[in-house]
Amino acid sequence: MLNLKRDQINPPDESLDTLQALLSSQLQDGQCHTEYQLIHWLKQPVPGVFQPDALADSLTLFRCHFLVMHCLYRLRLEWLAQQAGWLNIEPLGVQLQPWNTEQASDNQHVCEADPLARYYLDLTHLSTDRDTVDKLLRGIWQQTLTPDQRRSDLRLLELQEGANESDIRRQYRRLAMRHHPDRGGDVSHFQALLAAYQRLTV
């Protein structure tokens with residue numbers, strides 16, 4: 001198994017080659033596979049590439065994701081060079097599509113201009129630290145919140161716009177103590193406070 005918990009990660013070439021070969025074997029059926037399905041399969045005892053709890057921690061989750069995407073983009077380049085097919089890598093699924101000579105030049109252009117490919121093919125990004133990963137995840141989560149949801153969550157926590165993370169944590173602790181069901185508080189209100197806190201700080 002790949003060790004995804006060390007602070008500095010430099011997977012040996014043979015580990016990456018093994019991971020790439022395993023992904024290749026899964027994708028050559030022409031079916032559409034989600035990234036989650038691929039990672040879940042890689043956690044199974046066979047092939048046993050990732051640890052069973054690999055998705056339980058934000059840092060190891062990021063590293064699993066990065067390694068899979070790295071190998072997928074390597075496969076895309078390899079299959080393009082061999083004219084074996086076009087590996088479509090999309091948020092909703094990954095699928096090997098048959099080679100199409102008419103689309104070959106377009107596919108080559110996509111490869112050369114794809115900023116995601118450049119990011120995932122650069123293994124130095126694999127050593128991204130936990131704080132940076134958590135900030136990335138928090139930023140993604142906050143981008144999905146509508147401004148109205150954020151305002152509503154802040155209002156529930158009795159905070160003003162502009163409150164920072166420290167303010168939010170401190171105020172949540174204060175309100176959680178006051179409204180905890182063990183202290184006679186209302187369960188639904190306590191759960192709403194927790195949900196608002198999680199949305200604002202995850």
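Residue numbers start at 1 and run along the sequence shown. Predicted model only: the values in this text are computed from it and were never measured.
In this structure S152 satisfies the side-chain hydrogen bond (donor to acceptor under 3.5 Å, both in side chains) test with no other residue, sequence neighbours excluded. With sequence neighbours left out, the side-chain contact (heavy atoms from CB on, under 4.5 Å) criterion links A21 to no other residue. Legend: residues meeting salt bridge (charged side-chain N to carboxylate O under 4.0 Å, His left out) with R155, ordered by chain and number and at least two apart, are absent. Here V46 pairs with nothing under the side-chain contact (heavy atoms from CB on, under 4.5 Å) rule; sequence neighbours left out. For H189, there are no side-chain hydrogen bond (donor to acceptor under 3.5 Å, both in side chains) partners two or more places apart in sequence or in a different chain. Remark: R173 engages R169 in a side-chain contact (heavy atoms from CB on, under 4.5 Å) (not counting sequence neighbours). Scored by the salt bridge (charged side-chain N to carboxylate O under 4.0 Å, His left out) test, R118 finds no partners at all (sequence neighbours excluded). Residues forming a side-chain hydrogen bond (donor to acceptor under 3.5 Å, both in side chains) with D167 (at least two apart in sequence, or on another chain): R170. Partners of L116 under the side-chain contact (heavy atoms from CB on, under 4.5 Å) rule, at least two apart in sequence or in another chain, are Y73, D114, Y120.
Counting only residues at least two apart or in different chains, side chain to side chain donor-acceptor pair (under 3.5 Å) contacts with residues 16-32 comprise D17-R74, Q20-R74, Q20-E78, S24-Q28, D29-H33. Contacts classified as side chain to side chain donor-acceptor pair (under 3.5 Å) and involving residues 176-186 (residues at least two apart or in different chains) are given here: D186-S188.
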Side-chain atoms of residues 156-163: list all donor-acceptor pairs with protein atoms under 3.5 Å, sequence neighbours left out, distances to 0.1 Å.
unit_1, atom_1, unit_2, atom_2, d
E161, OE2, R150, NE, 3.1

